[in-house]
Trainee: 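A single structure is presented below for examination.
Side-chain atoms are counted along with the backbone in the values below, which use heavy atoms only and exclude waters and symmetry mates. Below, chains carry the letters A, B, ... as their sequence lines are ordered, and counting in each starts from 1. What you see is a predicted model, and the numbers here were worked out from it, not measured in a lab.
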Amino acid sequence: MLSIYKNLKECLHDAFQKALSEQEISHVASKSLFDPQLVNASRPEFGDFQANGALPLAKEFKLPPRQIAELVVEQLIQNQIFSELCEKPEIAGAGFINLRLKKKSLTKEIKVRLKDKRLGIPKAKSISVVIDFSSPNIAKEMHVGHLRSTIIGDSLARILEFRGHKVIRLNHVGDWGTQFGMLISYLKLVAPEALTKANAINIGDLVAFYKEAKQRFDLDDDFQKQSRKEVVKLQNGDKDSLKAWELLCNQSRQEFQKIYNLLDIKIIERGESFYNPYLKEIIKDLQNAGLLEIDEGAKCVFLSGVTGKDGKALPVIVQKGDGGFNYSTTDLAAIKYRFSPTPSGDGANRVIYVTDAGQANHFKGIFQIATRAKWIPKTARVEHVPFGVVQGEDGKKLKTRSGETVRLSDLLDSSIQRAEDDLRQRLIDEKREESESFIKEVSTTVGLAAVKYADLSQNRISNYQFSYKKMLALQGNTAPYLLYALVRIAGIARKGGDLNESRHELEFNEPQELKLIRELLKFDEIINEVEEELLPNRLCGYLFELSQIFNRFYDQVPILKAKNPYRSSRLSLCKLTADTLKLGLHLLGIPTLARM
RNA sequence: GCGCCUGUAGCUCAGCGGAUUAGAGCAUCUGACUACGGAUCAGAGGGUCGGGAGUUCGAAUCUCUCCAGGCGCGCCA
């Protein structure tokens, strides 16, 4: 309904201008005073939109707000464009102007949308967007900690892509740094073959070795020295070290890819090591910009407006006392590269980081330094998209029973398994028989959809309570509920309803139909909002609401048994609902089913 | 100690660039299956929006303050 909104806003703006220009207030020239404050109606009884603009003008014009509203309405009803779109406006409460769209304009919009493959969502003026998400660490397995970043990042990427932007999905994997020194020196002792031969040991062992190496590193001085030597060797480009590093990365990569394939996530790996050649230049840049200071032997940039424990400005270390670089340096190199024009950069207009909320301060610092170093173009945006931790049902950080971090692949398998158990039970209860391949497909789709949807449907800022039982529930704001609405529509088609039938004119009368129509037409606003605010839970909320309204319509209004033109009109609503749900779920990274 | 985030129905959460009577879902209770898949729908109860103050004609929403919880706070990432 964005186009209608835009038209109405113009009408209202005009009406306010005209209504108030008749008043003898010359000193009120500020245009902002004439903001009609057109918003969606806060309740369905109030119609489709409400203009609140009369209220704040009351004081300025020394008139009761209702009287101002009346003056505006007088102007409005003389406007032909307005009268075609809306019923006669009503003034309510303190001076709200309530607007109700004519059925004709709603029907017209539906007709347009039925023919539009993009379901009313316009293509935006394309910009380059970098989305940094997922970002697991080499030589470690993906765990719950990567779940939210991966799912939220992917969904945001899908939405921005659909809006027509050029999206670069970057996997900023932890593939560099001191941990490799540790790991390589440990492997030399316990499994040297892993350093020379591909896939000599499995990923689980690698993870175990990593943990052991870390322990030894913390306890054993000699081992620590050895590890530091290995890091230096690696960073100096020693051939054997590099080869070992390559092997380890490749092995992890294969493991990550299995998960990305399962979740249908596309992402380009560009790990921390990519930025190695740029690190020295970063220090030089900061030096030239006069931002660099040496403190306790380390090269730092002191943040302005952020103080540490001692009340002094907080430093960000960009080069350690031993000359090594750390993650801040890498992140600075990354941000510079992303905003730098192609081909020596990504030429991004918007850079989005999807990481846990705990890193908020870190990114604030990075963004500040990048801004002061003038690496971010004035017209560009840089955003940290934070999210809370995944908690168990006890409200504490999610752990396995033995207190270990939950592996992502276990978590996903577990959800799929539960979906399968549910399905098999239901088949027994309903005396249905289905093939094994059907059962596999449905439980995989439902199991993964449940995990993704549960995560996305929550406001990402707050912590999120993980519960298989809730996410797989067939009722409530869950993936299975949404998928079921689609299955019902598919059922109508199977029973002989031609969803593409358009021989007849669209004709709607039932309140349930109009409610559904109004909801369907909101899709474009929601997508716009998510593009702007990067909150996928808004889209989830919308899809859930749409499913509920559809289910009421389906329950209360006969479709196949109705006579034309109602039958085909209702089938059209089914089609548009199905298309909207499918597209919406697709933008969340969730595939749909015809039967379940 | 400082900083960031969170606090809305029994539970899980929407709403938060102010606006007409604060919304869902789950759970609880009551109804509806000769129906297009009841995996649904109709309805009921349940709230001083953490406390207090302020700005405003109007605050869950903005400001300040206090309380509670989570996370972070210099050479790990």
Trainee: Hydrogens and angles aside, do A:Tyr186 and A:Glu212 bring a side-chain donor and acceptor to less than 3.5 Å of each other?
Mentor: yes

Trainee: At 4.0 Å (heavy atoms only), tell me whether A:Leu55 reaches a base, stays on the sugar-phosphate, or touches nothing.
Mentor: base

Trainee: Would you say a side-chain N or O of A:Asn459 is under 4.0 Å from OP1 or OP2 of B:G15?
Mentor: yes

Trainee: Between A:Ser462 and A:Cys300, which residue's closest nucleotide on RNA chain B lies nearer the 5′ terminus?
Mentor: A:Ser462

Trainee: Scan side-chain atoms only and decide if A:Asn276 and A:Ser273 contain a donor-acceptor pair under the 3.5 Å cut-off.
Mentor: no

Trainee: Record whether the side chain of A:Asp555 comes under 3.5 Å of the base of B:G38 through a donor-acceptor pair of N or O atoms.
Mentor: no

Trainee: Less than 4.0 angstrom between a side-chain N/O of A:Arg43 and OP1 or OP2 of B:U20, yes or no?
Mentor: no

Trainee: Would you mind reading off the distance between A:Lys140 atom NZ and B:C76 atom P, rounded to a whole angstrom?
Mentor: 14 Å

Trainee: Output yes when at least one side-chain N/O atom of A:Gln475 is less than 4.0 Å from OP1 or OP2 of B:U40, else no.
Mentor: yes

Trainee: Would you say A:Lys397 reaches B:C71's phosphate, i.e. side-chain N/O to OP1/OP2 under 4.0 Å?
Mentor: no

Trainee: Can you identify which nucleotide, out of B:U40, B:U20, B:U12, has its nearest atom closest to the A:Gln458 side chain?
Mentor: B:U12

Trainee: Counting just side-chain N and O atoms, does A:Tyr481 come under 4.0 Å of either OP1 or OP2 of B:C41?
Mentor: yes

Trainee: For side chain to side chain donor-acceptor pair (under 3.5 Å), just list the numbers for A:Asp429 and A:Gln425, CA-CA rounded to whole Å, side-chain angles, deciding distance to a tenth of an Å, and then say yes or no.
Mentor: CA-CA 6 Å; A:Asp429 294 346; A:Gln425 187 55 51; 3.1 Å; yes

Trainee: Hydrogens and angles aside, do A:Tyr5 and A:Asn40 bring a side-chain donor and acceptor to less than 3.5 Å of each other?
Mentor: no

Trainee: Indicate, yes or no, whether a donor-acceptor pair under 3.5 Å links the base of B:U6 to the side chain of A:Asn463.
Mentor: no

Trainee: Checking all strands, does A:Gly174 fall into the base, sugar-phosphate, or nothing category for heavy-atom contacts under 4.0 angstrom?
Mentor: nothing

